Undergrad: 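Got a structure for you, questions after.
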Protein chains: 2
Amino acid sequence: MLLAMSRNPEEPVYNRIEEARVALGLSRQDLADKAGVHYQTIGYLEREEYSPSLVLALRIAKALNQEVSELFSQTPFKKGK
Amino acid sequence: MLLAMSRNPEEPVYNRIEEARVALGLSRQDLADKAGVHYQTIGYLEREEYSPSLVLALRIAKALNQEVSELFSQTPFKKGK
DNA sequence: TCATGATGTTGCATTAATGCTACATAGCAT
DNA sequence: ATGCTATGTAGCATTAATGCAACATCATGA
């Protein structure tokens, strides 16, 4: 499995989308609808196969009621918050 | 002049990169070096001709010692902070 | 059993973001 | 006048992010 490749190779972006989404009881399709993207895109992001554009990150953060910095990071998240 | 077009048309992203950069006494080239991008890319972003990837937004925020949400927004910034 | 929903996988097409080069302009020193 | 720095503009090439479709798997529930 490939890591999320930004335009700057070897610089993955980690996220807690799935954790936040599940905590709200949302399916990927639900979140995709709220964020206005294809449901597969949520899957790719949760699997960290690529990192989103800033606009998408902003939309997802809003849909999940989180700050961008709470959801996305260049350094891995510790588990369980 | 075109507004920044994300992959979702008609959804610009506003930013305060220039304001924050100038406040630190940095040239675009300086900021570009710190963020690891081409200096023209900073220019495009400051003119809001396009919106950055999330990774780039994170790197710029770090280079400017600001939160992503302080630098980028889907709604226009009020002037002077 | 059958259906349905949620998720994973693969593949293809489109386009925006970025790198890079070259040139122009304006200001500010010297 | 000459040079240097910062910036704007334009064009071209590459690639990652996204949309979308098809199919598979696995639960769960009727």
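Computed from a predicted structure; not experimentally measured. Labels below follow one simple rule: chain letters A, B, ... track the order of the sequence lines, proteins then strands, and each chain is numbered from 1. Scope of the values below: all heavy atoms of this structure, side chains included, with no hydrogens, waters or symmetry mates.
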Undergrad: If you find the nucleotide of DNA chain C closest to B:Tyr44 and the one closest to A:Gln40, which residue's nucleotide is nearer the 5' end?
TA: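 Nearest nucleotide further toward 5': that of A:Gln40.
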Undergrad: What is the distance, to the nearest angstrom, from the CD1 atom on B:Ile17 to the C1' atom on D:dT7?
TA: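 Rounded to the whole Å, the gap is 15 Å.
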Undergrad: Rounding to a whole Å, what distance do you find between B:Arg21:CZ and D:dT7:P?
TA: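 Whole-Å distance recorded here is 5 Å.
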Undergrad: Is there a path of hydrophobic side-chain contacts, each under 4.5 Å between heavy atoms of I, L, V, M, F, W or Y residues, that connects A:Leu24 with A:Val68?
TA: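 In one cluster: yes.
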Undergrad: Taking the side chain as everything from C-beta on, heavy atoms only, tell me whether A:Asp30 gets closer than 4.5 Å to A:Lys34.
TA: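 Not in contact.
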Undergrad: For residues A:Glu48 and A:Tyr14, report the shortest heavy-atom separation together with the two atoms involved.
TA: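 Heavy atoms of A:Glu48 and A:Tyr14 come nearest at OE2-CA, 3.0 Å.
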Undergrad: Without decimals, in angstroms, what is the distance between A:Leu31 CG and C:dG5 P?
TA: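 After rounding, the reported distance stands at 19 Å.
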Undergrad: Think A:Ser53 has a side-chain N or O under 4.0 angstrom from the OP1 or OP2 of D:dT18?
TA: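 For D:dT18, OP1 or OP2 has a side-chain N or O of A:Ser53 closer than 4.0 Å.
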Undergrad: Without decimals, in angstroms, what is the distance between A:Glu49 CD and D:dA16 P?
TA: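 The answer, rounded to whole Å, is 14 Å.
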Undergrad: Please report the distance, rounded to the nearest Å, between CD in A:Gln29 and P in C:dT7.
TA: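 Distance, rounded to whole Å: 10 Å.
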Undergrad: Is the cationic atom of B:Arg47 (NZ for Lys, CZ for Arg) positioned less than 6.0 Å from the six-membered ring centroid of B:Tyr44 and within 45 degrees of its normal?
TA: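 Judged by the rule (NZ or CZ under 6.0 Å from the ring centre, within 45° of its axis), B:Arg47 counts as positioned above B:Tyr44.
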Undergrad: Expressed in angstrom and rounded to an integer, what is the separation of A:Tyr39 atom OH from C:dA6 atom P?
TA: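 Whole-Å distance recorded here is 11 Å.
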Undergrad: Out of D:dT18, C:dT9, D:dT7, which has the shortest distance to the side chain of A:Leu56?
TA: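 Selected nucleotide (nearest to the side chain): D:dT18.
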Undergrad: Go through C:dC20, D:dT18, C:dT18 for me and flag the one nearest to the B:His38 side chain.
TA: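 Shortest atom-to-atom distance from the side chain points to C:dC20.
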Undergrad: How close or far is atom P of C:dA17 from atom CZ of B:Arg47, stated in whole angstroms?
TA: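 For the pair B:Arg47 CZ and C:dA17 P, the rounded distance is 14 Å.
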Undergrad: Look at the side-chain N and O atoms of A:Ser51 and state whether any lies under 4.0 Å from the OP1 or OP2 oxygen of D:dA17.
TA: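 For A:Ser51, the contact criterion (side-chain N or O under 4.0 Å from OP1 or OP2 of D:dA17) is met.
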Undergrad: OP1, OP2 of C:dG19 versus side-chain N and O of B:Thr41: anything below 4.0 Å?
TA: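 Answer yes for this pair, as a side-chain N or O of B:Thr41 is under 4.0 Å from OP1 or OP2.
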Undergrad: Quick one: A:Leu54 CG to D:dA17 C1', roughly how many Å, whole number?
TA: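 After rounding, the reported distance stands at 13 Å.
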Undergrad: Considering only side-chain heavy atoms of B:Val37, which listed nucleotide, C:dT18, D:dT9, D:dT18, is closest?
TA: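 It is C:dT18.
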Undergrad: B:Asn15 side chain to B:Leu45 main-chain N or O, any donor-acceptor pair under 3.5 Å?
TA: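 Checked: pair present.
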